[in-house]
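Structure first, commentary second.
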Amino acid sequence: MSFPLLTATAVLPAVGAIATAAVPAARRTAAKWLALLVSLATLALAVTVLVRFDPDGSRYQLTESRAWIAEFGVRYELGVDGIGVALLALTALLMPFIILAGWHDADPLETKSSRWRPTQGFFALILAVEAMVIISFAATDVFLFYIFFEAMLIPMYFLIGGFGDRAHAGSDEKASAQRSYAAVKFLLYNLVGGLIMLAAVIGLYVVAGNFSLQEIAEARANGTLDMATNTERLLFLGFFFAFAVKAPLWPLHTWLPNAMGEATAPVAVLITAVVDKVGTFAMLRFCLGLFPEASKWATPVILVLALISIVYGALLAVGQRDIKRLVAYASISHFGFIILGIFAMTSQGQSGATLYMVNHGISTAALMLVAGFLISRRGSRLIADYGGVQKVAPVLAGTFLIGSLATLSLPGLAPFVSEFLVLVGAFARYPVVGIIATIGIVLAALYTLVLYQRTMTGPVKPEVSAMPDLRVRELVVVAPLIALLIGLGVYPKPLTDLVNPAVKHTMSDVQKKDPKPDVEAAK
């Protein structure tokens, strides 16, 4: 039996989480280094997965299949396609930066509401989330996917509610109440989505007789499985609702600004750059793969919701006074672009959506982590409390600028390629949808440049006059992310070569072909 590489990649951070939690309370620094080393070892395994994956090979590779709950047809099945391996690699890549950025976020506090912060627990929870997300990207058994799709909510709940942002105006009691509210709202929204999905998972088993994604696809292809139209649509809606909550898609998005605003900056990155990607990834793998006809049936409504997310998220970002909530609403707009690309049902749109998942993860990590460093220095998340930072901390301001420009998809930075492909794919099939979506680009330029102008330029405010520039640890976090944004912006071919074959398989699932250009109309 070949070495179970995918299992090892998921098990390592899980074992690391247990080991980190078991470190004695007095040895906080040892727990931090252990978590960092485990994340780096996991990254090495993820790179091995990436190297061994052949984009031109079979659809699912590095597969593993073992009996688990035989009475109910549940198997432990793993396998990655080009989309899954790209997001798995993104997850493993971001984790060391998240841990380094949060190096002091769980250090003990001596306040009335929080006399201690269990450092070991903080880093153990981060590693636990990593393990669950990796399994989610690799699972090809629907029930196995569902278990970890739901299980990751528990460590995320404690990361949001137990280790909130210290930059609060007001009492410790008020800050604690806000964190608790954000954590409970996050949990309830996602639990409701998960319960609806559970009903759909059970319904799928009743119809198909098993949970294997590959077996169900083969049965549909050879005609041995024929779902009734209404049944397929109901099952699709059950799956899609859960993924739309996680994504987050308007109007199921309202938990995200609260969660990102109250969490520490590294945990906010974990939410939007890693965990939320499971929702959009699952739309491609499960909604389109299992329910192709229902996906086409629901496309008009989903495109409208995606457009609302794009414009609504961008408009609310323009009006924000809180830096972290601004990034949260910008992310809602960006997820609208991702979902638009998925359901445009064109190869350009779906390739762009997949690239957007990866590039948005990198750009949001860069911007949010630099914002976190900024906020930790000033002790405030309010934009109005800053001004003239570039004169006292030019490196911090420069990296903040690059992260901001990546957020607005400036040509030459990685998100531009993604957004361009999504819009090309949308224009090809739905020209009006593509035109409306471009409003989001204009608004993105407005909220990102205004954010930079108000915080970094102008007269130096007294409160920031002694602000230190980025330290060595912070530079180690930010510099590789900036390099990736520039590198993938200039030369995205390795990433497109990785995901394009998987996109062709998805287009084949829904039996869609790219529309031919109207040559006569172009003359």
Side-chain angles (χ1 to χ4, degrees), residues 68-69 71-78 83-84 132-133 135-154 186-221 224-253 255 275-303 305-306 335 339 342-343 345 506 509-510:
W68 186 17
I69 311 175
E71 295 81 0
F72 298 101
V74 180
R75 297 185 63 82
Y76 177 80
E77 285 190 350
L78 303 179
I83 299 170
M132 295 174 186
V133 170
I135 284 285
S136 299
F137 287 140
T140 56
D141 181 277
V142 177
F143 193 80
L144 177 67
F145 169 84
Y146 172 77
I147 289 175
F148 289 96
F149 179 81
E150 286 294 277
M152 70 180 71
L153 301 180
I154 304 305
F186 162 83
L187 188 64
L188 290 179
Y189 267 68
N190 283 275
L191 276 179
V192 169
L195 289 173
I196 293 174
M197 181 182 170
L198 177 60
V201 168
I202 295 170
L204 178 66
Y205 177 75
V206 171
V207 173
N210 66 80
F211 294 106
S212 173
L213 181 65
Q214 298 181 71
E215 290 183 16
I216 294 172
E218 290 173 3
R220 296 203 65 155
T224 57
L225 173 61
D226 185 17
M227 293 187 195
T229 299
N230 289 336
T231 300
E232 181 177 345
R233 290 177 179 179
L234 286 173
L235 294 178
F236 167 86
L237 290 174
F239 277 76
F240 180 80
F241 183 86
F243 303 152
V245 172
K246 186 87 78 179
L249 179 67
W250 184 92
L252 305 171
H253 67 285
W255 62 268
V275 171
D276 287 354
K277 298 301 188 302
V278 178
T280 47
F281 163 79
M283 290 180 188
L284 278 166
R285 173 167 283 189
F286 296 102
C287 287
L288 272 61
L290 293 173
F291 316 110
E293 294 304 320
S295 297
K296 290 185 282 189
W297 162 75
T299 288
V301 174
I302 294 172
L303 291 179
L305 296 179
F335 274 101
I339 296 169
I342 292 171
F343 285 90
M345 300 291 184
T506 305
D509 288 339
V510 293

Handout entry: Donor-acceptor contact below 3.5 Å, side chain Y189 vs main chain H253
Key =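 It does not hold such a pair.
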Might you point out which heavy atoms bring [X] and [Y] nearest each other, and give the distance in Å?
X    : Y    : answer
S136 : V278 : CB-CG1, 4.1 Å
S212 : E77  : OG-OE1, 3.1 Å
F236 : A298 : CE2-CB, 3.4 Å
G238 : A200 : CA-CB, 3.9 Å
S295 : C287 : OG-O, 3.0 Å
A244 : L252 : CB-CD1, 3.9 Å

Side chains of [X] and [Y]: does their closest heavy-atom pair fall under 4.5 Å?
X    : Y    : answer
F239 : V142 : yes
I339 : M283 : yes
I196 : L237 : no
M227 : L204 : yes
I216 : F211 : no
K246 : V275 : yes
W255 : L188 : no
D276 : T280 : no

Rounded distance [0.5 Å steps], [atom1] in [X] versus [atom2] in [Y]:
X    : Y    : atom1 : atom2 : value
L235 : F286 : CG    : CZ    : 14.0 Å
T299 : F343 : OG1   : CZ    : 6.0 Å
L288 : E293 : CG    : CD    : 11.0 Å
L187 : L153 : CG    : CG    : 6.0 Å

Problem - Passing candidate, ring-ring contact (aromatic ring centres under 6.0 Å, His included) with F149, options F143, F243, F137 - result: F243
Exercise for the section: Apply the test side-chain contact (heavy atoms from CB on, under 4.5 Å) to residues Y146 and L198: give CA-CA distance (whole Å), side-chain angles for both, the deciding distance (0.1 Å), then the verdict. Expected result: CA-CA 8 Å; Y146 172 77; L198 177 60; 3.3 Å; yes
Handout entry: Pair I302-F240, side-chain contact (heavy atoms from CB on, under 4.5 Å): steps then yes or no
Key = CA-CA 10 Å; I302 294 172; F240 180 80; 3.7 Å; yes
Exercise for the section: Apply side-chain contact (heavy atoms from CB on, under 4.5 Å) to the pair I83 and R285, showing each step before the final yes or no. Expected result: CA-CA 9 Å; I83 299 170; R285 173 167 283 189; over 6 Å; no
Practice task
Among D141, I69, T140, L144, find the one that has a side chain to side chain contact (heavy atoms under 4.5 Å, CB included) with R75.
Solution key: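 It is D141, the one option of D141, I69, T140, L144 that forms the side chain to side chain contact (heavy atoms under 4.5 Å, CB included) with R75.
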Practice task
Check the pair E150 / L191 against side-chain contact (heavy atoms from CB on, under 4.5 Å), numbers first and verdict last.
Solution key: CA-CA 7 Å; E150 286 294 277; L191 276 179; 3.7 Å; yes
Completion exercise
The side-chain hydrogen bond (donor to acceptor under 3.5 Å, both in side chains) partners of E232 (sequence neighbours excluded) come to R220
